[in-house]
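Note sheet for the following structure.
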Amino acid sequence: SVIDGRGGILLPGFVDLHTHLREPGREDTETIATGSAAAALGGYTAVFAMANTDPVADSALITDHVWRRGQEIGLVDVHPVGAVTVGLKGKQLAELGAMASGEARVRMFSDDGLCVEDPLIMRRALEYARGLGVLIAQHAEEPRLTVGAVAHEGAAAAKLGLTGWPRAAEESIVARDALLARDAGYRVHICHASTAGTAELVKWAKSQGIQITAEVTPHHLMLDDSRLETYDAVNKVNPPLRENSDVSALRRALAEGVIDCVATDHAPHAAQDKCCEFAAARPGMLGLQTALSIVIDVMVKPGLLSWRDVARVMSERPAQIVGLPDQGRPIAVGEPANLVMVDPDVEWIVRGDDFVSISDNTPFEGLTLPGQVRMTMLRGRVTAQEGKVNPL
Ligand code: DOR
Ligand code: ZN
Ligand code: ZN
């Protein structure tokens with residue numbers, strides 16, 4: 001196939017540190033195959049598939065299966081994220097070593113969607129991870145502060161009678177785990193930073209020499225809790241959409257490098273789990289096919305990030321954080337070609353129905369967004385081109 005690069009911008013393939021692919025367990029909402037297709041179309045060459053599947057990815061049996069299935073599909077490297085503990089809200093550390101040394105070579109472990117609340121478990125996980133050289137990623141939710149919480153604790157939620165999710169539920173864990181990382185002398189990664197205070201805490205921790213990194217999602221860079229007015233559960237997500245002042249602070253923190261990277265938290269859900277009462281709906285929104293366009297819209301267009309910076313926050317930094325040697329590299333002689341070519345000027349209208357994801361829970365429905373992926377290449381093979389995937 002002929003690749004026309006005129007007017008295009010060439011970047012290293014994107015690396016998503018935070019994707020939910022729902023296989024095994026909820027293949028009615030997303031599979032490794034459909035999630036891989038969405039990733040390739042979104043410009044990604046590597047994604048990290050979160051562990052809150054059913055069964056939970058807490059053993060090498062499961063993490064190796066996810067890795068193999070991803071390689072079989074061949075559209076994107078699907079790196080399984082291992083669970084920190086055995087099972088949901090586990091009290092016992094999982095076999096991180098077995099997962100790290102299995103075929104999948106698991107590099108990241110997280111409590112996302114599983115919730116490790118016990119600081120002693122987190123402390124022991126960091127020590128275990130230090131020995132293995134793997135990353136621990138923290139969902140950052142103090143569950144005793146989020147009992148029944150469904151939306152950001154603020155005026156918008158109060159007006160609708162929705163139970164609030166306070167900033168402190170996130171920030172108290174960020175502060176706690178920064179200190180645990182300090183004491184362990186080892187790095188910790190903060191998932192989906194959603195408040196100005198989290199950005200401040202990460203900045204402080206970095207200034208103290210604490211090994212901490214953080215990601216922000218496209219939706220927390222774009223949307224705020226004024227969205228609640230529609231009472232549409234498509235806007236329900238954990239952590240919740242915050243206030244306009246948080247959104248501005250997160251954009252600044254990403255521009256300054258306080259927040260290291262953008263991660264999607266791509267979270268497919270079935271229509272019936274999203275169309276019920278707001279309080280009963282599942283939290284989460286799709287992200288893989290809209291992430292780049294949101295970053296262009298809210299960060300590049302206003303001059304907060306250059307294209308060089310886009311390469312950094314979408315690819316280089318995430319690859320570094322997780323230690324992927326063949327991803328996130330500038331294009332150089334002899335390097336495997338993990339690339340994405342972006343058309344910066346094309347505008348398109350978001351239609352959930354058009355996504356290759358099985359689910360269509362996008363909060364950006366109907367929005368006109370800038371920037372389209374013209375081509376994605378994984379180790380020299382074109383995986384997506386002009387809006388179509390190229391299966392193996
Ligand atoms: O919004 C969210 N959705 N937050 C999480 O922590 C889990 C995720 C999911 O699995 O749907
Ligand atoms: Zn989470
Ligand atoms: Zn998540």
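Each ligand, and each atom within it, is numbered from 1 in the order the structure gives. Along the sequence shown, residues are numbered consecutively beginning with 1.
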Give a table of atom pairs where an N or O of ligand 1 lies under 3.5 Å from a protein N or O.
{"from": "ligand 1", "atom 1": "1 (O)", "to": "N238", "atom 2": "N", "distance (Å)": "2.9"}
{"from": "ligand 1", "atom 1": "1 (O)", "to": "N238", "atom 2": "O", "distance (Å)": "3.3"}
{"from": "ligand 1", "atom 1": "1 (O)", "to": "G284", "atom 2": "N", "distance (Å)": "3.4"}
{"from": "ligand 1", "atom 1": "3 (N)", "to": "P283", "atom 2": "O", "distance (Å)": "3.1"}
{"from": "ligand 1", "atom 1": "4 (N)", "to": "N238", "atom 2": "O", "distance (Å)": "3.0"}
{"from": "ligand 1", "atom 1": "6 (O)", "to": "H139", "atom 2": "ND1", "distance (Å)": "3.4"}
{"from": "ligand 1", "atom 1": "10 (O)", "to": "H20", "atom 2": "ND1", "distance (Å)": "3.4"}
{"from": "ligand 1", "atom 1": "10 (O)", "to": "R22", "atom 2": "NH1", "distance (Å)": "3.0"}
{"from": "ligand 1", "atom 1": "10 (O)", "to": "R22", "atom 2": "NH2", "distance (Å)": "3.4"}
{"from": "ligand 1", "atom 1": "10 (O)", "to": "N52", "atom 2": "ND2", "distance (Å)": "2.8"}
{"from": "ligand 1", "atom 1": "11 (O)", "to": "R22", "atom 2": "NH2", "distance (Å)": "2.7"}
{"from": "ligand 1", "atom 1": "11 (O)", "to": "H269", "atom 2": "NE2", "distance (Å)": "3.0"}
{"from": "ligand 1", "atom 1": "11 (O)", "to": "P283", "atom 2": "O", "distance (Å)": "3.2"}

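- Residues L241 and N235 meet the side-chain proximity criterion, which asks for heavy atoms closer than 4.5 Å.
- Between F14 and Y44, the two ring planes are perpendicular [angle over 60°; tilted spans 30° to 60°].
- More than 12 non-hydrogen atoms from other residues, nucleotides or ligands lie less than 6.0 angstrom from CD of Q272.
- Crowding of Q211 atom CD: a count of heavy atoms from other residues, nucleotides or ligands under 6.0 Å exceeding 12.
- Listed by chain and residue number, the protein N/O/S atoms under 2.8 Å of the Zn ion (ligand 2) are D112 OD1, H139 ND1, H192 NE2, with waters left out.
- Within 6.0 Å of atom NZ in K203, 12 or fewer heavy atoms from other residues, nucleotides or ligands are found, so the atom counts as exposed in its surroundings.
- Contact of the L367 side chain with the I349 side chain is not registered, since no non-hydrogen atoms from C-beta on lie closer than 4.5 Å.
- Note: F278 and Y231 have tilted aromatic rings, judged against thresholds of 30 and 60 degrees for the angle between ring planes.
- Here the side chains of N52 and H20 are in contact, with some heavy-atom distance below 4.5 Å.
- In this pair, H192 and H139 present their aromatic rings perpendicular. The plane angle is above 60°, beyond the 30 to 60° band.
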